[in-house]
Amino acid sequence: MPSVFRPVVLREGADALARAVALAPREGAGCLTWVSAYARAEAAVVLEPELPLAQARLAFHAAANALADAVAALGPPERAVALRWPGRLLVEGGECGCVRLAAPPGAATEAVPDWLVVGMELRLAFPEGHAPGETPDQTSLFEEGFPVELDAAALTAAWARHLMAGLEEWQARGPQRLIETLLARLAEAPAAGRRGIEPGTGALVVERDGMRERWDLPW
């Protein structure tokens with residue numbers, strides 16, 4: 001794992017996000033929980049933002065970009081990697097991962113939270129007995145031809161590195177690059193239109209046919 005993180009390894013079946021939330025008040029920024037399992041990768045990182053919660057929610061998008069970057073870098077170059085709103089990872093059009101976000105209970109959107117936790121989940125393999133094509137809208141990395149030696153540790157480390165790079169760029173240069181990268185990867189619904197991300201909330205805004213529609217982040 002990147003040296004800026006303090007990893008906490010969890011057993012298969014654990015919830016990395018829930019564990020990071022429990023540790024956040026004591027461990028603070030850089031605590032990284034991850035699940036050691038064959039069929040899936042799951043991890044979460046504690047952050048200590050300097051922005052009010054409403055703006056700090058952009059960390060959700062930074063985590064989504066980082067997951068897409070990690071998967072694209074470790075897989076076959078011809079595999080299409082995209083994102084579906086909100087925070088769902090697609091490989092060749094099939095969903096196989098997602099990102100999550102948590103904040104202190106009762107945190108006010110206009111106040112700087114004590115911590116945030118961003119997490120990711122990624123399906124490496126389907127359960128035994130699953131027939132290829134049984135769930136056409138779902139996929140796994142191994143079903144898409146990713147190397148069978150790829151494991152949760154490697155994917156977690158790659159996600160953490162890309163997340164760190166994305167957060168550093170956001171801090172140094174503002175959120176524009178983060179937003180542009182996300183929008184370029186955003187596939188499928190909502191339907192075509194002029195799309196943007198509100199920097200102050202992380203919400204997706206679509207303008208089409210003279211109408212303005214807004215999709216908030218899950219919370």
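Note: hydrogens, waters and symmetry copies are ignored here, and every other heavy atom, side chains too, is used.
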[X] bridged to [Y] by N-O distance under 4.0 Å:
X: E198; Y: R212; value: yes
X: D137; Y: R84; value: no
X: D69; Y: R185; value: yes
X: E95; Y: R123; value: no

Without swapping roles, check the side chain of [X] against the backbone of [Y] for a donor-acceptor pair under 3.5 Å.
X: N65; Y: G166; result: no
X: W215; Y: V206; result: no
X: R11; Y: A37; result: no
X: E48; Y: A29; result: yes
X: R100; Y: G87; result: no
X: H162; Y: L67; result: no

If I compare all heavy atoms of [X] with all of [Y], which pair ends up nearest, and what's the gap?
X: A44; Y: L17; result: CB-CA, 3.7 Å
X: A103; Y: L116; result: CB-CD2, 3.5 Å
X: A203; Y: W85; result: C-CH2, 4.1 Å

Please indicate whether E78 has more than 12 foreign heavy atoms, meaning atoms of other residues, nucleotides or ligands, lying under 6.0 Å from its CD.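 More than 12 within 6.0 Å, yes.
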
Identified side-chain contact (heavy atoms from CB on, under 4.5 Å) partner of W34 from the options L155, V45, V9: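 So, applying the side-chain contact (heavy atoms from CB on, under 4.5 Å) to W34 and each of L155, V45, V9, only V9 qualifies.
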
